[in-house]
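Chain letters run A, B, ... following the sequence lines, proteins first and then strands; every chain starts at 1. The analysis underlying the following values was restricted to heavy atoms, covering all of them including side chains, and did not include hydrogens, waters or symmetry mates.
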Amino acid sequence: MSLVKPRKKTMPEIRNYTLNFGPQHPAAHGVLRLVLEMDGEVVERADPHIGLLHRGTEKLAESKPYNQSIGYMDRLDYVSMMCNEHGYVLAIEKLLGVEVPLRAQYIRVMFDEITRILNHLMWLGAHGLDIGAMTVFLYCFREREDLMDCYEAVSGARMHATYYRPGGVARDLPDRMPQYEASRFTSKSAAAKLNETRQGSMLDFIDDFTQRFPKYVDEYETLLTDNRIWKQRTVGIGVVSPERALQLGFTGPMLRGSGIEWDLRKKQPYEVYDQVDFDIPVGTNGDSYDRYLVRVEEMRQSNRIIKQCVDWLRANEGPVLTEDHKIAPPRRGDMKGDMESLIHHFKLFTEGFCLPEGEAYAAVEHPKGEFGCFLVSDGANKPYRLKVRAPGFPHLASLDEMARGHMLSDVVALIGTQDIVFGEIDR
Amino acid sequence: MDALILTVWSLVKIVIVLVPLILCVAYLTLAERKVIGSMQVRVGPNRVGFKGLGQPFADVFKLLCKEIIIPTNASRFLFLTAPILSLAPALAAWAVIPFADGWQVADINAGLIYVLAMTSLGVYGVILAGWASNSKYAFLGAMRSAAQIVAYEIAMGFALIGVLMMSGSLNLGDIVRAQSGGFFNWYLFPLFPLAIVYFISGVAETNRAPFDVAEGESEIVAGFHVDYSGFGFALFFLAEYANMIMIAALTAILFLGGWMSPIDGWGDGIHWFLIKTAAMLFVFLWLRATFPRYRYDQIMRLGWKVFIPVTIVWIAVIGFAIYFEVGPWFSTVRSGGL
């Protein structure tokens, strides 16, 4: 017997390996955990895991009066806050049958579109950063800052506004924009430059922004649209056919990128979207590049809508919250002298209001797609059940299908193109 | 006695080259953050020292103080060797760089070959780091880096053949001297496609954006050095920036006339060399702020299917031009330069 073991002549078995992508990966957009089965650089299977940001929003809403859950909606998709609120208050209003003043409707439309720009800027920056174009990210945040200031001016909070209320909005637009002050970090001249556009009312500021914004979008486009590397990284990546997009439950830019003209603002107009003039961009190939183009054009269209709203709001004064004080709080001044108002105030802020028995579904065209709230009421002051339809969920569910056969770098581009935010997916 | 003097003198020369070089690396990191910062409408570091000038030292100090973590499953010896293997060639290559006429540590006739050899060696550090970490991300980075360097090394070598044909020498000093007499005689013009290919290959070889797939932050986190911390990471960082300065300096020497002044009679000297190198380094930073990252297979395609054919064609063109003595650049090459 020989002492040397005879060597086996078989080839080593070639296996795919799994790569744990996230949740602490820089391109995981928060807390995405993606288990990738890889053959070298090529992705064989992508398995997204969800739930790391689950906060039980739907369950929490069941134990709170209706008007106290608005703030939770901000925290769903935390880059398009007011649109989430919109879906929720719309469902309440539908069940309640309350009339929203026209001025409030215009303000809502304006802020929906500001939110859309906010969201798309965040998306563009993050998508660019994922593909390696760092500068776009910082350009986008420059403009986001201005819009965040609008949020702050109107609600006091830069992100979680809680501005929309059943029956209107919390308060009218302020007459003056807050000013910057010189500090250790902002020199006097820098503060003065920032304040230049903030001298007038908030509408003046937004008006000025709508003048400036198309030029900014051009800037982003010079960096990306015709850039060869950008095109190589996005054209033909994650192609979804129109039929398949419908089957997968896509909505919003993901669906429009595949060439299907579906936009709730046009197809099921809510608020005053039938009064304003805008176009719906659609793609042709259904790849990441088309979705990029669709979103960039949506920013331009949103800008148009904002401009129209600003003009209307300038010309027309009026109430911004319903006068039905069973739903909306009375004015502070009335409360001091009027017994009825005091009772309304007390009732509203202790037990809220009751909704008639029944169920309602209301959806808005959220920057990411169709954001819907399904409310079931048993007649109490809190929902029996609240179901949130988050647009990102079906998008993420299709990641496996979109990523199969692409390379690792493309997965990053796909996460970007889907515009995933975990706040709404995990809820 | 003579041997001792020679050794001491060589050591002094090495110190004279390396200390400013390492300072340059430190301040290049600051310059990068400042330049890219101003391109991205922000200010960059401005807290440490006057206008942020102390930032590089703060960074180095921080990295020195950090714990060096060796992953449990790592191959300990190779894990520690890799950063050194990456840095040593990056610094050794500077031995033959002529900063001005006669100002170099070693004036050897195979200077160009030596530089090529040294810059190629650096990739072993990257590959070993990726392999020794025993991490999937690091391994992917190492694989990418290996393939990329092979592809671009060839394009780079071919681009240098053009320079070799024009100057008829491998000595870097002689190459610069062959470009004397104003900017019109710089090899940038007759060898324009090769200069572009050389510089882009250089960007790819130093793993800089838009070719930074080996460490692509958003894809494989930090690639080959994902498991390095503290000073191990600092060494890779140092090597990357030393290589960047190296490529910029070589571009200045090979295509932009090194220490020669752009107008004849303005006085040659090291300042021209430094200005040209700095300009090339600025292009490195500019590229990083402008372009998205290539995908790994697209880099391969660019290297193999675009750059290598371009260089081969241009080498043939130069060959013909030199043989038939086409003016204004090629007429004097056969008779031994200017």
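Looking at A:M134, the atoms closer than 4.5 Å to chain B (heavy atoms on both sides) sit in the backbone and in the side chain alike. Heavy atoms of A:T234 lying under 4.5 Å from chain B are absent altogether. In this structure, the portion of A:L129 lying under 4.5 Å from any heavy atom of chain B is its backbone and not its side chain. Only the side chain of A:Y17 comes within contact range of chain B, judged by heavy atoms closer than 4.5 Å. At a 4.5 Å heavy-atom cutoff, the contact between A:R142 and chain B is made by side-chain atoms alone. Of the two parts of B:R144, only the side chain, counted from C-beta on, holds a non-hydrogen atom closer than 4.5 Å to a non-hydrogen atom of chain A. The contact between B:R42 and chain A is made entirely by side chain atoms (from C-beta outward), counting heavy-atom distances below 4.5 Å.
Within a 6.0 Å radius of CZ in A:R404, more than 12 heavy atoms belonging to other residues, nucleotides or ligands are found. Other residues, nucleotides and ligands contribute over 12 non-hydrogen atoms within 6.0 Å of the CE atom of A:M38. No more than 12 heavy-atom neighbours from other residues, nucleotides or ligands sit within 6.0 angstrom of CZ on B:F139. The number of heavy-atom neighbours closer than 6.0 Å to CH2 of A:W230, taken from other residues, nucleotides and ligands shown, is above 12. Around OH of B:Y124, the count of heavy atoms belonging to other residues, nucleotides or ligands within 6.0 Å does not exceed 12. Within a 6.0 Å radius of CZ in B:F282, more than 12 heavy atoms belonging to other residues, nucleotides or ligands are found.
Interatomic distance, A:I229 CD1 to B:Y294 OH, rounded to the nearest 0.5 Å: 4.0 Å. The CG atom of B:D297 sits 4.5 Å away from the CE atom of A:M407 when rounded to the nearest 0.5 Å.
Closest approach of A:N227 and B:P292 over heavy atoms only: ND2-CD, 3.4 Å. Listed here is the closest heavy atom pair of B:Y137 and A:H25: OH-CD2, 3.5 Å.
Remark: side-chain polar atoms of B:Q298 are paired, donor with acceptor, to backbone N or O of A:Q232 under 3.5 angstrom. A:R233 places a side-chain N or O within donor-acceptor distance of the main-chain N or O of B:R293, the cut-off being under 3.5 Å. The backbone N or O of A:N20 sits nowhere less than 3.5 Å from a side-chain atom of B:K136 that would complete a donor-acceptor pair.
Of the listed residues (A:L224, A:I415, A:V136, A:D410), the greatest number of heavy-atom pairs within a distance under 4.5 Å of chain B belongs to A:D410.
Side-chain contact between B:Y296 and A:L408 is absent, with no heavy atoms from C-beta onward closer than 4.5 Å. Within the 4.5 Å cutoff, no side-chain heavy atoms of A:T135 are placed close to those of B:V41.
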